[in-house]
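Contents: one structure, followed by commentary.
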Amino acid sequence: MTEIKDLLLQILLIIVPIFIYHMFYAEKLKLDQRRRSWFHSFLNGLAIVLCMSFPVAIGMESRFDLRGIPLLIGTLYGGYETGAVLSLLIIAYRFYLGVDVGFYHTVISLLFIVPVFMAFYRVYQQADRTTRRNCTVLLSVYHVIVISVVYFMLSVFTFENAMSLFIFDIAFILASCFLVYMNENLRENNRMRSELQKTEKLRVLSDLTSAFAHEIRNPMQVNRGFLQLMYEEPLPPHLKNYVEICLKEMDRANLIISDYLSFAKPHTEDIEMIDVGKQLEQVQNILAPYALMQHVEIQKDTSGSCIIMANQQKLNQCLINLVKNGIEAMPNGGILLISCCAKSNGKVTIAITDQGVGMTKDQIKRLGTPFYTLKEKGTGLGLMVSYRIIQAFNGLIEVSSELGRGTTFSIEFPSIEPVELRQTS
Ligand code: ADP
Ligand code: MG
C-alpha cells in the first residue's frame with residue numbers, strides 16, 4: 001500500500017508544475033522561446049528534485065522515482081537547453097544525496113537517455129497529437145529499457161530486484177503516458193480558448209467594418225445620383241469625359257464594398273438561383289491580388305451554364321475559403337484551377353485544384369473540425385464554416401489529395417427543380 005501511496009505522491013509532484021505552467025500560460029504570460037525554456041527548466045527541475053527527495057520503495061532494496069517524466073516533458077516541450085539543465089540538475093542533486101552505485105547508475109543512464117530525448121524535440125514540435133502520443137510511448141519504453149539494463153549492469157541480478165524493476169517500468173510507462181496526455185489536452189484547451197477569443201475579436205471588427213462600409217455607401221449613392229444627372233445635361237466634351245470617369249470609379253468603389261460585405265458579413269439566408277461561373281469569376285477577382293502576392297496563377301474553366309440554388313453571399317464565402325486554402329498550400333507558387341461543370345442529370349460540380357503540399361489521409365479526416373489548422377497564423381475555422389455552408393445547400397464535398405502533389409476539393413450541388421427553371425426563363 002505504501003508503494004501506491006508513494007507512487008501517487010510522485011505523480012502529484014509532477015502534475016502540480018504542469019498545472020502551474022498552464023495556469024500562467026492561460027493567463028497570457030507572453031514568453032519567448034528562451035524564457036519558456038527557462039520556465040520549463042524551473043518547473044520541471046522542481047518536480048525532479050521533489051521526486052528524487054521522496055522516492056518509492058518497491059521491495060526491500062530498491063528505491064525508484066519518476067524523475068524521468070519531468071525530464072521527458074521538459075526536454076520535449078522546452079528544448080535542448082531545458083534538457084541539458086535538467087540533466088545537470090539530476091546529476092548534481094544525486095551527487096548531493098551521496099556518491100554510491102545509484103549515482104553512477106544515474107549518470108550512465110542519462111548519457112543514453114537525454115540525447116535521444118533531445119533528438120525527438122524537433123519531431124515533437126512539428127508532429128500532430130497522435131504522433132506526439134506515439135512518441136511518448138516509444139520514449140518511455142526506451143527510458144525504462146535503458147534504466148533496467150544499466151541497473152543490472154551495476155547491481156546483482158536477483159528475482160526480487162527484477163520484479164521490483166518490472167513493476168516500476170510498468171508504472172513509469174503508464175504514468176508518463178497519462179501525464180503527457182493530460183499536458184497535451186491542457187495545451188489544446190488553452191489554444192482553443194485563445195483562438196476563440198481571437199475569432200470573437202475578428203467578428204466584432206468585421207461587424208464594425210461592415211457597418212462602416214454600409215454607411216459609406218449611402219452618401220456615395222447620393223453622389224452617384226447627382227453625377228448621373230450632370231452627365232445627362234449638355235456639357236462640354238472634356239467635362240462629360242470627367243463625369244463619366246467619376247461615375248465609373250464610383251461604381252468600382254461600390255463593387256469593392258459589395259464584395260467586402262459579402263465576404264465579411266454573409267447575413268441573409270435567402271436562397272436564389274446562382275450562376276456558378278459568374279460566382280467563380282467574382283472569387284477570382286477578389287483573390288487575384290492575394291494570389292499574385294503568393295506567385296499563384298488562378299485559372300478558370302467554366303464552360304457551360306452551371307446554375308444552383310444557394311445564397312450568393314454564403315457560397316461566395318465558402319469558395320473564397322477554399323480558394324484561399326489552395327493558394328496558401330502553394331508557398332512556392334503554382335497554378336490553381338477552379339472549374340465548374342453541369343452533369344447531364346443536372347447536378348453541378350465545382351472543383352478547386354491546387355498543386356500544393358497535399359495532405360495525408362489522417363489530415364483529410366480532420367478537415368472541417370473546428371480549430372484544426374497546420375498554419376502558424378491559421379484559425380482552423382475556414383473549412384468548418386465552408387462545410388456547414390455546403391451542407392446547408394445540400395451539397396456534398398469530396399477531398400482527394402496526395403502529399404507533395406496537390407489537393408482537389410470537389411463540391412457537388414443537387415440539380416435545381418425544373419419548375420424553378422421555368423419561372424426564371
Ligand atoms: P486555416 O486555413 O485557418 O488553417 P482551414 O479550416 O481553412 O483553416 O484549414 C484547415 C487546415 O486544412 C489547414 O491548416 C491546412 O493544413 C489544411 N488544408 C486546407 N486546405 C488545404 C489544401 N488545399 N492543401 C493542403 N492542406 C489544406
Ligand atoms: Mg483557411
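Counting starts at 1 for both ligands and their atoms, following the listed order. Below, each value reflects all heavy atoms present in this structure, side chains not excepted, and no hydrogens, waters or symmetry copies. Just so it is clear, the structure is predicted and the values come from calculations on it, not from any experiment.
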(request) Please examine the side chains of Glu297 and Leu336, heavy atoms only from C-beta on, and report whether any two atoms are closer than 4.5 Å. (result) no
(message) Does the plane of the ring in Tyr124 sit parallel, tilted or perpendicular to the ring in Tyr77? Use 30° and 60° as the thresholds.
(response) perpendicular
(message) With a 4.5 Å cut-off on side-chain heavy atoms, are Trp38 and Thr82 touching?
(response) no
(request) Check each heavy atom of Leu383 against ligand 1 and say whether those closer than 4.0 Å belong to the side chain, the backbone, both or neither. (result) both
(request) May I ask you to check if ligand 1 and Leu374 share an N or O to N or O distance below 3.5 Å? (result) yes
(request) In plain terms, say whether Asp251 and Arg224 are close enough for a salt bridge, that is, a side-chain N and a carboxylate O under 4.0 Å apart. (result) yes
(message) Does ligand 1 come near enough to Leu367 that some N or O of the ligand is less than 3.5 Å from an N or O of the residue?
(response) no
(request) Provide the full list of salt bridge (Lys or Arg N to Asp or Glu O under 4.0 Å) pairs with a residue in residues 162-178, sequence neighbours left out, each pair given once. (result) none
(request) Quick one: look at Asn321 and ligand 1, take heavy-atom pairs under 4.0 Å, and tell me if it's side chain, backbone, both or neither. (result) neither
(message) Measuring only between side-chain heavy atoms, which start at C-beta, is Phe409 closer than 4.5 Å to Thr353?
(response) no
(request) Around the Mg ion (ligand 2), list the protein N/O/S atoms within a radius below 2.8 Å, excluding water molecules. (result) Asn325 OD1
(request) Pull out every atom of ligand 1 sitting under 4.0 Å from any heavy atom of Phe409, numbered as shown with elements. (result) 20 (N), 23 (N)
(request) Taking only heavy atoms of Asp354 into account, list the atoms of ligand 1 that are under 4.0 Å away from them. (result) 22 (C), 23 (N), 24 (N)
(message) Does the Lys NZ or Arg CZ of Lys314 fall within the cation-pi geometry relative to Phe393 - under 6.0 Å from the ring centre and within 45° of the axis?
(response) no
(message) Using modelled atom types and a 3.5 Å cut-off, is there a donor and acceptor pairing between side-chain atoms of Lys300 and backbone atoms of Leu337?
(response) no
(request) With heavy atoms of Thr373 as the reference, note each atom of ligand 1 found under 4.0 Å away. (result) 1 (P), 4 (O), 14 (O)
(request) Determine whether more than 12 heavy atoms belonging to other residues, nucleotides or ligands lie under 6.0 Å from atom CZ of Phe112. (result) no
(message) Using only atom types and a distance under 3.5 Å, with no angle test, would you say the side chain of Gln312 pairs donor to acceptor with the backbone of Ile271?
(response) no
(request) For ligand 1, find out whether one of its N or O atoms is nearer than 3.5 Å to an N or O atom of Tyr372. (result) no
